[in-house]
Peer 1: 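Take this structure first; my questions come after.
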Number of protein chains: 2
Amino acid sequence: MTRSSLTSGTTDGSGITSGTRDETGRATRSRTRDETAGPATAHQAGTDATPSPDASADGRRRAATIQDVADAAGVSRAAVSKVIRNAYGVSPQMRTRVEAAIARLDYHPRVAARAMRGATFTLGLEIPQIGNDFHSVIAEAAADVLADTPYQLIIAPIRDPQVGDQALQSLVDRQVDGIVAVAPLVSTDWLESLASRTPVVMVGRHDVSAHYDTVAGDDETGAEQVMEHLVELGHRRIAFLDIDRSRSTGKSYISPTGRDPHSIRQRVYREHVGALGLRPRLIQAHGHMEEDAAVAVREALGQTNRPTAIFAGHDTLAVGALRAVAELGLEASEVSVAGFDDIPIASHPRLALTSVDQQGYAMGQEAVRLLLQRLDGRTEPVRRVMPVTLRVRASTAPPRERS
Amino acid sequence: MTRSSLTSGTTDGSGITSGTRDETGRATRSRTRDETAGPATAHQAGTDATPSPDASADGRRRAATIQDVADAAGVSRAAVSKVIRNAYGVSPQMRTRVEAAIARLDYHPRVAARAMRGATFTLGLEIPQIGNDFHSVIAEAAADVLADTPYQLIIAPIRDPQVGDQALQSLVDRQVDGIVAVAPLVSTDWLESLASRTPVVMVGRHDVSAHYDTVAGDDETGAEQVMEHLVELGHRRIAFLDIDRSRSTGKSYISPTGRDPHSIRQRVYREHVGALGLRPRLIQAHGHMEEDAAVAVREALGQTNRPTAIFAGHDTLAVGALRAVAELGLEASEVSVAGFDDIPIASHPRLALTSVDQQGYAMGQEAVRLLLQRLDGRTEPVRRVMPVTLRVRASTAPPRERS
DNA sequence: ATGAAAGCGCTAACAC
DNA sequence: GTGTTAGCGCTTTCAT
């Protein structure tokens, strides 16, 4: 009933349509309308004949649709649609009327319905680990940039690192207008195919791609600076701490090109160590969390001829290393630790972690800006490499005893 | 081409459909049709050698729809729908055929289309600040619990704390099946109305609500333990560090009932300080970030008769306080710091922050579990309060000089 | 400038 | 057990 009163004004118009389709359509609508309200949605379907639903009164009323707004404003759905999209072809007075109705009914367009035809005004951010501060900074930057746009941000955390594409796919299924992905272990082929359909910006990978942009730090230079710094301090037993990637290779998710940040950092480490005629020492953590690193480093430091310096693949691991070092009562002159990313906590005086600043916040900003450009029509891929700076702090010091 | 080969065998079947609808449908399809099957998606479904795996060739094909799958499997859309929803009424052989077609076409149901009729199998998590480790832990727990379910998690960060309901509304617009919200500054009325339409679980608020569940720590006891601990150590000049909330009161978003965690913690602080006949000292940070706290504490410590202990509203602020304290070369015996939440970094030996453990991970888990229960039909509200434990660490110590 | 109508891809009712 | 069909709430031609 509510429905029929709402539509009554347009019922005649529907008669224009050809044949059965419309007729049944009308009939069914008034039927389903009410019951849709029913189940868990608790719609209430207030039967009052009031043309203007006054949504504020009742907390259970069905949410207003574009049709409700159109009826309330005495215009067509198309007109309302144009108003809410700021599209061309609406007179000021109509706009005013429609906006008033929207406000009155507290109308919010359903994103799902929009997705069926047009844009969702939603951008997806995919991050590998929620707890990693470097990723948080990127997310923060992304959210900040988007604050001045009509776009909303949704974040899809990766469940299982082994199936990094799941989170990405979930974003696709959700028909986001664009995606910023942070270094997931996804094959470049898959990415390329995805990017040919949806605007994509990859953060932290140096892929050479045809369809998506990349924003990455200068991992090569950063790792070089760390190694030069440690060597200059006098360290010779330098270990590289990273996640045990061997377990992931099974499904060959790892970028085989070695263009991911960690492969590069480790390669540079190996090169430097090799150039000095030293043997590489790898400390493998079983996970990406701080505690995983602490466990691995505790063990490594328990062995004889322990390293005097640890270069961690990223800061979260470095903080974990520092934990193990501190627990053992060791100082930087005994075991130095350097990281990568310069996460906010690294500069805390109690940690004073030497780290490579790759401007995470700027990277996040840039990634979203590039995505907005793509949304705006750009198609040629862009590869952005952020300059890095080594922040030397107290966690690295000359070794007490030279090896 | 690819497409035609796929449909060729079933084109006749499509003729079954009535009239123009189908005709245009076909037309559009063959036009846009091209590729979708992402190689790396690992769908591959062992059943190779089938006609039309291709897909890897072209990166622009339109994604497969349920109709494509139906055609490829030679069944109806409804049949496919039943298969993907695990619904009743599908013969094993049809299931097999359909699943093969799904794998072959790399079909993924569009969430938006689903949302128009049924469930989205998406749960939304709303968190106030992305960079706050306590929130990260909750998000992590939520993601972990959901890993064993068909539900996907999306996170909506709050843009502007002043308009906390925006992120929540965005989740609603997206028609998520349920929402976990972490202590946003939203009016209880609005929440109640929202919760009457969508399953909602609030984390960190002690609201007494009719339609949503709450999961919160025992803020009262936690704050009491902190104060008792500090007083017992001998502190008398105890300051409370929190965010300056006065600026937010403009739109009265703050829960007027004082049931939010920070109001409670501050109230307990005031009560204890009052009972000792001391005057309360408030240090107000201008934001929720560590640096905001550091700025405020730096200033507070510069004044004469500075506090000998600081009770921070939450750990991120506490870490910031510790930063200011450390910068000034002060130790716990000069300025003690205690926090709330016991975020992972708090236990780092270099920080050793005394804090109240309110089991953030368990809270996140419980919140999602409650939400799943609601999804399963429960409607009576549940209020869960997590027991707390004071973790005493080195950041608090007896004051060198008693005041 | 405005409105009518055709779907977008899916699920749910209902036929068979 | 399987297929047919009517929409969900929007955007978008295309008339007017």
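Chain letters run A, B, ... following the sequence lines, proteins first and then strands; every chain starts at 1.
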Peer 1: So if I take every side-chain heavy atom of Met116(B) and compare against dC8(C), dC8(D), dT12(D), which nucleotide ends up nearest?
Peer 2: dC8(D)
Peer 1: At their closest point, which heavy atom of Arg174(B) faces which heavy atom of Phe121(A), and how far apart are they?
Peer 2: NH2-O, 4.5 Å
Peer 1: Would you say the side-chain atoms of Asp68(B) pair up with the backbone N or O of Thr65(B), donor to acceptor, closer than 3.5 Å?
Peer 2: yes
Peer 1: Measure from the side chain of Arg114(B), starting at C-beta and using heavy atoms only, and say which of dT11(C), dC10(D), dC8(D) lies closest.
Peer 2: dT11(C)
Peer 1: Can you measure Leu105(B) atom CG to dG9(C) atom P for me and round it to whole angstrom units?
Peer 2: 14 Å
Peer 1: How long is the line joining CZ of Arg97(A) and C1' of dG3(C), in whole Å?
Peer 2: 13 Å
Peer 1: For Arg95(B) and Ser91(B), test the side chains for any donor-to-acceptor distance below 3.5 angstrom and give the result as yes or no.
Peer 2: no
Peer 1: So, Ser196(B) side chain and Leu194(B) main chain: donor-acceptor pair closer than 3.5 Å or not?
Peer 2: no
Peer 1: How many whole angstroms separate atom CZ of Arg77(B) from atom C1' of dG9(C)?
Peer 2: 8 Å
Peer 1: Are any side-chain N or O atoms of Arg85(A) and backbone N or O atoms of Ser81(A), one a donor and one an acceptor, separated by less than 3.5 Å?
Peer 2: yes
Peer 1: Counting heavy atoms from C-beta on, name the nucleotide in dG3(C), dG9(D), dA1(C) closest to the side chain of Ser76(A).
Peer 2: dG3(C)
Peer 1: Using C1' atoms of five pairs at each end, report the bend of the helix from dA1(C)-dT16(D) to dC16(C)-dG1(D) rounded to 10 degrees.
Peer 2: 40°
Peer 1: Closest to the Arg117(B) side chain: dC10(D), dC8(D), dG3(C)?
Peer 2: dC8(D)
Peer 1: CZ of Arg95(B) versus C1' of dT2(D): gap in Å, rounded?
Peer 2: 14 Å
Peer 1: I'd like to know if the side chain of Thr122(B) reaches the main chain of Val176(B), judged simply by a donor and an acceptor atom lying under 3.5 Å from each other, with no hydrogens or angles considered.
Peer 2: no
Peer 1: Taking Leu171(A)'s backbone N and O only, do any of them form a donor-acceptor pair with Glu126(A)'s side chain (distance below 3.5 Å, no angle check)?
Peer 2: no
Peer 1: Under 3.5 Å, side chain of Arg114(A) to main-chain N/O of Thr120(A), donor-acceptor pair present?
Peer 2: no
Peer 1: Side chains of residues 370-378 of chain A: which donor-acceptor partners sit under 3.5 Å, not counting sequence neighbours?
Peer 2:
residue   : atom : partner   : partner atom : Å
Gln373(A) : OE1  : Arg378(A) : NE           : 2.8
Gln373(A) : OE1  : Arg378(A) : NH2          : 3.4
Arg374(A) : NE   : Asp213(A) : OD1          : 3.3
Arg374(A) : NE   : Asp213(A) : OD2          : 2.9
Arg374(A) : NH1  : His211(A) : O            : 3.2
Arg374(A) : NH2  : His211(A) : O            : 3.1
Arg374(A) : NH2  : Asp213(A) : OD1          : 2.9
Arg378(A) : NH1  : Asp213(A) : OD1          : 3.1
Arg378(A) : NH1  : Asp213(A) : OD2          : 3.3
Arg378(A) : NH1  : Glu380(A) : O            : 2.7
Arg378(A) : NH2  : Asp213(A) : OD2          : 2.7
Arg378(A) : NH2  : Leu370(A) : O            : 3.1

Peer 1: Which is more 5' along DNA chain D, the nucleotide nearest Pro92(B) or the one nearest His108(A)? Just name the residue.
Peer 2: Pro92(B)
Peer 1: Looking at Thr65(B), does any N or O in its side chain come under 4.0 Å of the phosphate oxygens OP1/OP2 on dC8(C)?
Peer 2: no
Peer 1: Quick one: does Ser170(B)'s side chain have a donor or acceptor within less than 3.5 Å of a partner on Gln166(B)'s backbone?
Peer 2: no
Peer 1: From the list dT2(D), dG9(D), dA5(C), which nucleotide is the closest neighbour of the side chain of Met94(B)?
Peer 2: dT2(D)
Peer 1: In whole Å, what is the span from the CZ atom of Arg110(A) to the C1' atom of dG9(C)?
Peer 2: 17 Å
Peer 1: Give the residues of residues 79-90 of chain B touching DNA chain C, defined as any heavy atom closer than 4.0 Å, sorted by residue number.
Peer 2: Ser81(B), Ile84(B), Arg85(B)
Peer 1: Picking from dC10(C), dT11(D), dT2(C), which would you name as closest to the side chain of Ala113(B)?
Peer 2: dC10(C)
Peer 1: Distance check needed: dC10(D) P versus Gln175(A) CD, whole Å only.
Peer 2: 15 Å
Peer 1: Nearest to the side chain of Ser91(A), which nucleotide is it out of dC10(D), dA1(C), dA13(C)?
Peer 2: dA1(C)
Peer 1: Nearest whole angstrom, please: distance from the C1' of dT11(D) to the CD of Gln67(A).
Peer 2: 14 Å
Peer 1: Whole angstrom is fine here: how far is it from CZ in Arg174(B) over to P in dG9(D)?
Peer 2: 18 Å
